[in-house]
Amino acid sequence: MGRVRFSGRGRDRVRSIREWWLHVGLLCIPLLAVYLHIPPPQLSPVLNTWHSSGHFFTFRGNNIFYKESVGVVGSSDVLLLLHGFPTSSYDWYKIWDSLTQRFNRVIALDFLGFGFSDKPRLHRYSIFEQASVVEALVAHLGLSEQRINILSHDYGDTVALELLYRNDHNRSGHITINSLCLSNGGIFPETHYPRFVQKVLKDSGFISPVLTRLINFQLFSRGIRDVFGPYTQPTEAEFWDMWTGIRFNDGNLVIDSILQYINQRLKHRERWVGALTSTSTPCEYTHHSYCGTKCWSCYKNEVCEYLKTRPWRSTVSVLDEHVSHYPQLEDPTGFFNAYLSFINSF
């Protein structure tokens, strides 16, 4: 059968039809995105309890959520918890009570753009600003003269390294860090492999705001379950609590802006890895063992880099083989014991 040949006018007509459908498609995408932007889910009872037991302070016109508990009497030790992306301070709930039995004060916050804190749109989120949020919280609580122990995870690791840099360079308003424990943070850009959706959201320019509206619970839960071990998967209710924290104050609409931290890690590697290299502050790196095909970073490479960076006073805890990216949720007892061993070692 011979090919159908179009005259010049016929080809123009076919081209016009294709362009028309392209315009229709481009018009439908934002309309679909608006349609899918359904109201956020209600807080579960446990999440509502976490929210109601917390407080807020104001940072540059934005409300920042934090939770504080007074624990052991007779101790002056203060612990500050820095959560990861894309979740919130609620990540620490499984080890919260245990921590209050060791420290006099345990403090956790939701970074700007996360959890119950404000999530301003058209905002240039940065690790530097988040570090300033932490410093402002410490000052707000009257702890500026107190030596602070920091336990961080993921995104919080990079914020902690900026705080470490400011501490070691005696920057005005800096936190005096007593110890630092990093966990699963992708702190070495060369060993960190962002997920495909993260790359798309952070690098797609004007398309990203449309894509963030298309993210729903099904897509979120399917993606985040891959960073948990096969035998330590959250329950459906726990997935919903994570998603609810993201959707609170329309946080899903600022994910693309927050994800610029990945590019910031690369740009400021010398500053943040350099802080880890030169500091005399006691540090530990806690990492998972399980490394599936969709793992965010390879723990072997990350641990090797850490040991090369800190050949002296290097403390590394590698957790059980079933534990993956969220050790404080997947193996709270093992994670707490590993941290306790570190904090009692100096």
Side-chain angles (χ1 to χ4, degrees), residues 36-57 59 62-69 80-96 106-121 123 125 130 133-134 137 151-157 159 183-185 195 197-198 201 212-228 232-259 261 296 324-330 332:
L36 290 176
H37 185 54
I38 58 177
Q42 296 294 312
L43 302 185
S44 68
V46 291
L47 202 56
N48 187 61
T49 298
W50 187 267
H51 177 259
S52 61
S53 64
H55 311 276
F56 289 88
F57 81 103
F59 176 82
N62 292 298
N63 292 318
I64 304 298
F65 174 85
Y66 70 95
K67 180 178 170 66
E68 178 188 20
S69 290
L80 179 62
L81 304 170
L82 306 179
H83 68 81
F85 174 90
T87 42
S88 70
S89 60
Y90 189 63
D91 292 348
W92 306 107
Y93 83 98
K94 286 188 177 181
I95 62 172
W96 188 266
V106 180
I107 305 157
L109 79 158
D110 289 344
F111 291 122
L112 184 66
F114 293 79
F116 298 127
S117 292
D118 283 353
K119 301 168 180 176
R121 305 274 296 280
H123 185 82
Y125 291 88
Q130 303 288 21
V133 170
V134 175
L137 173 60
L151 173 57
S152 60
H153 175 244
D154 185 70
Y155 180 92
D157 283 5
V159 178
S183 59
N184 291 353
R195 298 172 64 80
V197 68
Q198 291 178 318
L201 287 173
T212 57
R213 288 185 176 272
L214 295 174
I215 300 174
N216 57 25
F217 173 73
Q218 285 70 31
L219 291 174
F220 165 76
S221 59
R222 186 183 306 166
I224 202 165
R225 73 172 64 248
D226 290 335
V227 304
F228 284 82
T232 55
Q233 290 285 305
T235 64
E236 190 77 358
E238 289 171 333
F239 278 130
W240 271 108
D241 284 338
M242 293 179 192
W243 177 240
T244 301
I246 293 171
R247 284 298 317 277
F248 193 89
N249 286 339
D250 290 332
N252 56 308
L253 303 183
V254 301
I255 286 177
D256 56 322
S257 300
I258 293 174
L259 276 169
Y261 82 89
W296 286 3
S324 191
H325 185 67
Y326 276 89
Q328 69 272 49
L329 295 176
E330 298 177 66

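In what follows, every heavy atom counts, from backbone to side chain, and hydrogens, waters and symmetry copies are set aside.
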*Asks:* For residues Ile64 and Ser117, determine if any side-chain heavy atom of one lies less than 4.5 Å from a side-chain heavy atom of the other.
*Replies:* yes

*Asks:* CD of Gln218 to CZ of Arg222: how many Å apart, nearest 0.5 Å?
*Replies:* 8.0 Å

*Asks:* Would you name the heavy atoms of Gln328 and Lys94 that are closest together and state the gap between them?
*Replies:* O-CB, 3.8 Å

*Asks:* So, His153 side chain and His325 main chain: donor-acceptor pair closer than 3.5 Å or not?
*Replies:* yes

*Asks:* Return the minimal non-hydrogen interatomic distance between Leu112 and Tyr125, and the atom names on each side.
*Replies:* O-CE2, 3.5 Å

*Asks:* Of all the heavy-atom pairs spanning Trp96 and Ser69, show the shortest one and how long it is.
*Replies:* NE1-OG, 2.8 Å

*Asks:* Parallel, tilted or perpendicular for Phe217 and Phe220, by the 30°/60° rule?
*Replies:* tilted

*Asks:* Compare all side-chain heavy atoms of Tyr93 with those of Leu329 and state whether any distance is below 4.5 angstrom.
*Replies:* yes

*Asks:* Side chains of Phe116 and Ser89: does their closest heavy-atom pair fall under 4.5 Å?
*Replies:* no

*Asks:* Sub-3.5 Å donor-acceptor pair from the side chain of Asn184 to the main-chain atoms of Asp154, do we have one?
*Replies:* no

*Asks:* Measure up the Phe56 and His51 rings against each other and bin them: parallel (under 30°), tilted (30 to 60°), perpendicular (over 60°).
*Replies:* perpendicular

*Asks:* Under 6.0 Å between ring centres: does that hold for Tyr90 and His83?
*Replies:* no

*Asks:* Compute whether any side-chain donor of one residue and acceptor of the other, for Ser152 and Asp157, lie under 3.5 angstrom apart.
*Replies:* yes

*Asks:* Kindly assign one of parallel, tilted or perpendicular to the pair Tyr66 and His55, based on the angle between their ring planes and the thresholds 30° and 60°.
*Replies:* tilted

*Asks:* Heavy atoms only: give me the nearest Gly115-Lys119 pair and the separation to one decimal.
*Replies:* O-NZ, 2.9 Å

*Asks:* What I'd like to find out is whether the side chain of Asp118 reaches to under 4.5 Å of the side chain of Phe59, using heavy atoms alone.
*Replies:* no

*Asks:* If we ignore angles and hydrogens, is there a donor and acceptor under 3.5 Å between the side chains of Asp241 and Ser44?
*Replies:* yes

*Asks:* I need the minimum non-hydrogen distance between Ile215 and Trp243, along with the two atoms involved.
*Replies:* O-CH2, 3.6 Å

*Asks:* Between Phe228 and Phe239, what is the ring plane arrangement, given parallel below 30°, perpendicular above 60°, and tilted in between?
*Replies:* perpendicular

*Asks:* Minimum heavy-atom separation for Glu330 to Ser324, with atom names?
*Replies:* OE1-N, 3.1 Å

*Asks:* When the ring planes of Phe114 and Tyr155 are compared, do they come out parallel, tilted or perpendicular, using 30° and 60° as the limits?
*Replies:* tilted

